[in-house]
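Written out below as structure tokens is the structure these notes cover.
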Amino acid sequence: MNIVVCIKQTPDSAAKVVAENGQVSWGDSPLVMNPWDEYAVEAALTMQEEQGGDVTVISIGEEGVKDALKTGLAMGCSNAFLISDPAMQNADSQAVARVLAAAIQKIENVDIAFFGRQAIDGDMGVTAAQTARVLGWPILSLASSVGAVNGSIRVERNVEEGRQVVEGKLPVAVSVVKDIGDPRYPSFMGIRKANRATIPVWTLADLGIEAPDTNVRWPEIMNPPEHEITNEIVSGDSPDEIATILADKILSEKVL
Amino acid sequence: MSNKILIYIDQFQGAALPASWEALGVSSAIASDLSGEVLALVIGQDIKQVVSDAYQYGADQVYYADDASLKDYRPEPYTALIAKIASEQMPDVILFPTTTRGRELAGMSAIDLDTGVLPDVTQYTIRDGRILVTRPVYAGKLLVNATCDKNPQIITLRGRAFDKPEHDPSRSGEPIQVETVMAADDIQTEVIEYSTAEDGVSLTDAAVIVSGGRGVSNNPNLTAPDDLDEKQAEIWRAQQGFMLVGELAAVLDAAVGASRAAVDAGYVPYDIQVGQTGKVVSPDLYIACGISGAIQHLAGMRTSKVIVAINKDPDAPIFKLARFGVVGDLYQILPPLTETLRERLDK
Ligand SMILES: Cc1cc2nc3c(=O)[nH]c(=O)nc-3n(C[C@H](O)[C@H](O)[C@H](O)COP(=O)(O)OP(=O)(O)OC[C@H]3O[C@@H](n4cnc5c(N)ncnc54)[C@H](O)[C@@H]3O)c2cc1C
């Protein structure tokens, strides 16, 4: 099975993110592999253990994104490629999907492309479906488990109303959620291998495409308005008294 | 030529999701601003009720595709239909509710129609005929203003961020049936089986949420049955605690939520995790029981209108966001709180 995982580098989920002079700042928090994408790598490696084949991890971004790709290699992925091009500076999600699709085509004979459900920075949550659409592949999104059954991929997926089991014919794109299983830790050998790896960089010209159009702009980044909250600690002589006071206070907010 | 706003009505087994009507309300507001008309699109099987409701919630013209191949949601045939209607009608704007289906279809339609998508929008204004949206990023730690320079501008609207429009039973119209685009055999996916979640209020639609965290398992006075090992005993204790959470939720018609620690410890399923890597919710009332208030949890619930925290630790960060806090043991506070509210609300 020839597998690709598309990952993104994001600030750590614990980062205190603020807008400063119209720019996003995450202080000295580290940049990491998007937490959701760790689950995608896990799903890919589990699939490879069951079915054989290669797992290639790819990302779009600047030189520093190689660190996130190295996390993928350290976890056990076989190859990594970085797509880097000045034209991708302010790319919107459609442009990203078109470039990822071109990279997947360049890798050739890919059976499955795995994605995390969304990136914790932009919270767009459309890259897997959009890339699948560009490729003309079926999308199996929000998968909580993934298995191969002769020529198809079968996933269980979470939707608002419950759980669905869906099969899609290869090649497919799959986005995963947390229930897929805890991402493995990089092994000592994996880390050594990743540190020694040279990660090839592809430009758009290497992919044989022009810069795709970007139609979405986000001219303004803001801190959310401060919620004026009056904190009030409810106390009393007994749990019963506290509960009664609290119940009345909640009712007085007229939200029930 | 009049401006057109196309709205995709997300439905499941013949019932529209509430966020669909909220998005229809926004469609009408945009249409009146742009002196345009609202075209609604319903896809599925046995969807008559949704079609007539779409008129009653404000659509000017409803299109529908009703076919066995569309009974189960599958993104490929649905996207093909949306793209077809959009190419014929040339709407300026296409709106979707931010449901799992709505978000996916919006993204895929943007590819087919070679335009942009702005998902999970919480506010908008109209400037020179274009929609300027505000959407949360970094799980709401920041907001961005964004626009799409090309038509159709594809936007998904977060549930509970916009008011549901009035239901006007006197409205009706002649819906137009649309033929399927993909032949059944050409669809590369198949829904094998389906299990509906246990009945209950869905987390993202809930007006009230009662959530439990790791603290829910912490009751030294509970003795687990002898035959359980340590881990099983912890889960057993957590289940006793989540029973108290559930009882309060039942009295308030609330959904039950959880922190990641509670999910990771195996107390409750992942579906109900609230936070940066779970669901982002914005209820009118959020009651956090035995949850410390880690930044990733706060990211998922900070825009709740009124937050109540019950926690043993007076320094727990959750208290900073809480309108009302109780420093105490949830095992002592929850039972009388549930009882009092049951009486007051006459349940
Ligand atoms: C990449 C990443 C993503 C994450 N995403 C999420 C997410 O989406 N959602 C999320 O919730 N977390 C998330 N986390 C985890 C987060 O950092 C915290 O670990 C988690 O939220 C803690 O859960 P908790 O508050 O239940 O547990 P704890 O932090 O252990 O807090 C338990 C609280 O219960 C109180 N307590 C104990 N006993 C009682 C009692 N009897 N009565 C009353 N109070 C009691 C304690 O005082 C304490 O404050 C994420 C972490 C990472 C690294």
Side-chain angles (χ1 to χ4, degrees), chain A residues 13-14 17 19 24 35-36 92-94 97 120-126 129-130 133-134 138-139 141-142 154 158-169 178-179 215-224 229-234 239-240 242-244 246-247 249-251 253 255-256, chain B residues 12 75-76 99-100 103-104 107-108 110-111 115-120 137-150 188-197 202 252 270-271 276-277 284-285 295-296 305-306 308 319 321-328 332-333 336-337 340-341 344:
Chain A
S13 71
V17 182
V24 181
W36 290 110
D92 66 12
S93 67
Q94 291 66 234
I120 64 163
D121 51 2
D123 283 337
M124 296 287 286
V126 292
Q130 292 196 314
R133 195 67 183 165
V134 177
I139 169 74
S141 58
L142 309 176
R154 176 182 285 209
N158 293 336
V159 292
E160 281 87 347
E161 299 83 7
R163 276 160 203 275
Q164 215 183 24
V165 177
V166 189
E167 255 179 47
K169 296 209 181 82
K178 243 186 87 186
D179 320 51
N215 298 310
V216 170
R217 289 177 301 117
W218 41 97
E220 254 178 295
I221 300 172
M222 304 155 290
N223 293 305
I229 305 167
T230 325
N231 304 123
E232 189 178 336
I233 295 294
V234 178
D240 283 355
I242 295 172
T244 312
L246 179 60
K249 290 205 182 279
I250 292 174
L251 291 167
E253 292 286 320
V255 286
L256 286 176
Chain B
F12 179 76
E76 292 77 20
T99 55
T100 57
R103 188 192 283 253
E104 182 161 272
M108 291 169 69
I111 295 294
T115 178
V117 63
L118 300 163
D120 210 20
V137 293
Y138 293 90
K141 291 176 193 168
L142 297 179
L143 300 174
V144 290
N145 284 342
T147 50
C148 176
D149 291 337
K150 212 169 158 189
Q188 299 292 305
T189 57
E190 192 187 345
V191 176
I192 308 290
E193 72 182 53
Y194 191 77
S195 61
T196 19
S202 113
L252 302 178
Y270 167 61
D271 307 30
Q276 187 153 15
T277 49
D284 297 332
L285 175 62
I295 189 165
Q296 297 96 342
K305 256 193 214 137
V306 175
V308 174
F319 284 124
L321 280 192
R323 173 71 184 92
F324 302 118
V326 173
V327 180
Q332 294 186 357
I333 303 295
L337 180 63
T340 314
L341 285 168
R344 299 278 203 276

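Just so we're on the same page: letters track the sequence lines, and every chain starts at 1.
- Only the side chain of B:Val306 comes within less than 4.5 Å of a heavy atom of chain A; its backbone N, CA, C and O stay farther away.
- With a 4.5 Å cut-off on non-hydrogen atoms, A:Ile233 touches chain B through its backbone and its side chain both.
- Between the side chain of A:Asn215 and the main chain of B:Cys148, no donor-acceptor pair closer than 3.5 Å is present.
- Heavy atoms closer than 4.5 Å to chain A are found in both the backbone and the side chain of B:Val117.
- Both the backbone and the side chain of B:Glu104 come within less than 4.5 Å of a heavy atom in chain A.
- Considering only heavy-atom pairs separated by less than 4.5 Å from chain A, the leading option among B:Thr340, B:Leu143, B:Leu285, B:Val191 is B:Leu143.
- Both the backbone and the side chain of A:Ile120 come within less than 4.5 Å of a heavy atom of chain B.
- A:Ile139 touches chain B through backbone and side chain together, each having a heavy atom under 4.5 Å away.
- Judged by distance alone, the side chain of A:Gln130 and the main-chain N or O of B:Gly107 form a donor-acceptor pair under 3.5 Å.
- Side-chain contact check for A:Glu160 and B:Ser202: no donor-acceptor pair (N or O, by modelled atom type) lies under 3.5 Å.
- Judged purely by atom type and a 3.5 angstrom limit, A:Arg217 has no side-chain atom pairing as donor or acceptor with the backbone of A:Asp92.
- Ranking B:Thr99, B:Asn145, B:Leu252, B:Val137 against chain A, the residue ahead of the rest is B:Asn145, based on heavy-atom pairs under 4.5 Å.
- Taking the side chain as every heavy atom from C-beta outward, B:Gln188 and B:Glu76 never approach each other to under 4.5 Å.
- Contact annotation for A:Thr244: both backbone and side-chain heavy atoms come within less than 4.5 Å of a heavy atom of chain B.
- In this structure, chain B has a heavy atom under 4.5 Å from the side chain of A:Ile229, while its backbone stays farther away.
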Subject >> side-chain hydrogen bond (donor to acceptor under 3.5 Å, both in side chains) between A:Arg163 and A:Asn158, intermediate numbers included >> reply: CA-CA 5 Å; A:Arg163 276 160 203 275; A:Asn158 293 336; 3.2 Å; yes

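- At a 4.5 Å heavy-atom cutoff, the contact between B:Leu321 and chain A is made by backbone and side-chain atoms alike.
- Only the side chain of B:Ile295 comes within contact range of chain A, with heavy atoms under 4.5 Å apart.
- Ranked by heavy-atom pairs shorter than 4.5 Å toward chain A, the options B:Gln276, B:Gln332, B:Lys305 are led by B:Gln276.
- Residues A:Val216 and A:Trp218 are in side-chain contact: their nearest non-hydrogen atoms beyond the backbone lie under 4.5 Å apart.
- Contact of A:Glu253 with chain B is made through the side chain alone, with heavy-atom distances under 4.5 Å.
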